[in-house]
Amino acid sequence: RQRGRDRASEDSMSIQRLSEATLNAGVDIPAVGRFAQLSGGTYTTYSSGDIQYGVHTFTASGTLTVASSGVVDVLVVGGGGPGGSSYFYGGGGGGAGGVIEVGSHFLEPGSVTITVGAGGAAHTVSGTTSRIGDLFAFGGGVGGAWDGNAPFEGYMPGLHGGSGGGGNTQTNDSRTPGPGIPGQGNSGGTAVSSTSAGQGAGGGGGAGAVGADGSSTTGGDGGAGQSSSLQTGSAQTYGGGGGGYATNPGSGGTGGGGAGATPGAGATGVSGTANTGGGGGGAYTSSGTPTGGTGGSGIVVVRTIIGGSAAG
């Protein structure tokens, strides 16, 4: 499926471009027939130039009611992956949830189920998928680790996801990162091949950039997220990767990624920021229980035009 295209056929310009063309032609923006009339989620408005937008934000799963069909712009962010919880060697940063932004998506009248993906928790699974209709943003992958808990017993590389988890510092294949999904995210960073504590694990992939590789004493930084102004009219960043563990832990990527754990007993990675899809930071300890940071939950944002200066 090509991004930004659907059943709106030749009318499927972005809302921004279409509204500008309408305004520049001196024609009123129609209240019905081209731009969808909606309810549901947290409703806010803002203006950009001569255009007024209505925004429906879902920070938890719910229902979008479409009273009148038309086109909308949509942002979908999956839940972030948890950082690796590693009993031996450094845990990789969690991959960010996938991020997609689609212009001029056509909605027909009726109820649309909105699913907001949860961030993955330590010792469990990857982040979960966010969805509106047939648009999906996949959850981020778990950071690589040696984890004694089911389902991840033994050495585990970074796992795939919207963005992939960073690799775990070990001499076998667990140092490899997980891949990201094209069009939604990027791969994690590779870990140092070492059996010494404090070596650098890979950073989790971000929606806008790959995770950084670990080095001898520094964990890889999480990959940067992707910027969008759809929700508020001002740029906000979503989908930052989690930082990898090391003596000097990696930083979380811009867009809600959590930093790697600070060394110590019971080390805990920093969690991704809620409703950004940020990956959690990787962790390691040789005593106590290592706990990778939880991934940040996702978000779904739906925007439509509600007026403009030419509409009177």
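We use all heavy atoms of the structure for the numbers below, so side chains are in, but hydrogens, waters and symmetry mates are not.
Judged purely by distance below 3.5 Å, without hydrogens or angles, the side chains of S69 and E108 never pair a donor atom with an acceptor atom. Side-chain contact check for Q231 and Y238: at least one donor-acceptor pair (N or O, by modelled atom type) lies under 3.5 Å.
Put simply, the side chain of N186 never gets that close to the backbone of G180: no donor and acceptor are under 3.5 Å apart. Remark: the backbone N or O of A36 is paired with a side-chain donor or acceptor of T304 at under 3.5 angstrom. For S297 (side chain) and N275 (main-chain N/O), a donor-acceptor pair under 3.5 Å exists by modelled atom type. A distance-only check finds a donor-acceptor pair linking the side chain of Q199 to the backbone of S216 [under 3.5 Å]. Judged by distance alone, with hydrogens and angles left aside, the side-chain atoms of Q226 form no donor-acceptor pair with the main-chain N or O of Q184 at under 3.5 Å. With hydrogens and angles disregarded, no donor-acceptor distance shorter than 3.5 Å links the side chain of Q52 to the backbone of Y46. In this structure a side-chain-to-backbone donor-acceptor pair under 3.5 Å is present from T276 to T273. The closest donor-acceptor contact from the side chain of T291 to the backbone of T268 lies at 3.5 Å or more, if one exists at all. In this structure a side-chain-to-backbone donor-acceptor pair under 3.5 Å is present from D221 to S251. The backbone N or O of G165 lies less than 3.5 Å from no partner atom in the side chain of H160, so there is not a single donor-acceptor pair.
The side-chain hydrogen bond (donor to acceptor under 3.5 Å, both in side chains) check on T128 picks up nothing, with sequence neighbours excluded. Residues that satisfy the side-chain hydrogen bond (donor to acceptor under 3.5 Å, both in side chains) test with S130, not counting sequence neighbours, are absent from this structure. For Y43, the side-chain hydrogen bond (donor to acceptor under 3.5 Å, both in side chains) test picks out no residue, with sequence neighbours left out.
The nearest pair of heavy atoms linking A267 to A283 is O-CB, 3.6 Å. What you find for G90 and A201 is that their closest heavy atoms are O-CB, 3.6 Å. The minimum heavy-atom distance between G185 and S163, with the atom names listed, is CA-OG, 3.2 Å. Heavy-atom minimum distance, G292 versus S85: N-OG, 2.7 Å. G141 and S126 get closest at one heavy-atom pair: CA-OG, 3.7 Å. Shown here for A261 and P249, the closest heavy-atom pair between the two residues is O-CB, 3.4 Å.
The distance from the CD1 atom of I132 to the CG atom of L107 is 5.5 Å, given to the nearest 0.5 Å. Here the straight-line distance linking atom OG1 of T232 with atom CZ of R303 works out to 10.0 Å at 0.5 Å rounding. Interatomic distance, CG of D73 versus OG of S229, reported as 9.5 Å (0.5 Å rounding). Of the inter-residue distances, the one linking F58 atom CZ with T42 atom OG1 reads 8.0 Å to the nearest 0.5 angstrom.
No continuous path of ILVMFWY side-chain contacts below 4.5 Å connects L75 to F136, so the two sit in separate hydrophobic clusters. Hydrophobic clustering (side-chain heavy atoms under 4.5 Å, transitive across Ile, Leu, Val, Met, Phe, Trp, Tyr) groups V76 together with V66. In the hydrophobic clustering of ILVMFWY residues, with side-chain heavy atoms under 4.5 Å counting as a link, V300 and I181 come out apart. Linking ILVMFWY residues whenever their side-chain heavy atoms come closer than 4.5 Å, directly or via other members, places I305 and F106 in the same cluster. Cluster annotation: V116 is connected to V302 through the hydrophobic network of ILVMFWY side chains, with a link wherever side-chain heavy atoms come within less than 4.5 Å.
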Report task. Applying side-chain contact (heavy atoms from CB on, under 4.5 Å), run through L230 and Y53 and close with a yes or a no. Result -> CA-CA 9 Å; L230 192 148; Y53 295 103; over 6 Å; no
Query - Derivation and outcome, side-chain contact (heavy atoms from CB on, under 4.5 Å), residues V72 and L38 - result: CA-CA 10 Å; V72 296; L38 312 171; 3.9 Å; yes
Query raised in the report: Between R131 and V112, is a side-chain contact (heavy atoms from CB on, under 4.5 Å) present by the stated rule, with each step listed?
Result: CA-CA 10 Å; R131 175 182 181 182; V112 181; over 6 Å; no
Query raised in the report: Should V74 and V301 be marked as a side-chain contact (heavy atoms from CB on, under 4.5 Å) after you check the CA-CA gap, both sets of side-chain angles, and the distance that decides it?
Result: CA-CA 6 Å; V74 181; V301 180; over 6 Å; no
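Residues S86 and Y245 form no side-chain contact, since every pair of their non-hydrogen atoms from C-beta on lies 4.5 Å or further apart. By the 4.5 Å heavy-atom criterion applied to side chains, L135 and V102 are counted as neighbours. Two residues are said to be in side-chain contact when any heavy atoms from C-beta on lie closer than 4.5 Å; I114 and T63 fail this criterion. Two residues are said to be in side-chain contact when any heavy atoms from C-beta on lie closer than 4.5 Å; V77 and E101 fail this criterion. The closest side-chain heavy-atom distance from T294 to P82 is not below 4.5 Å.
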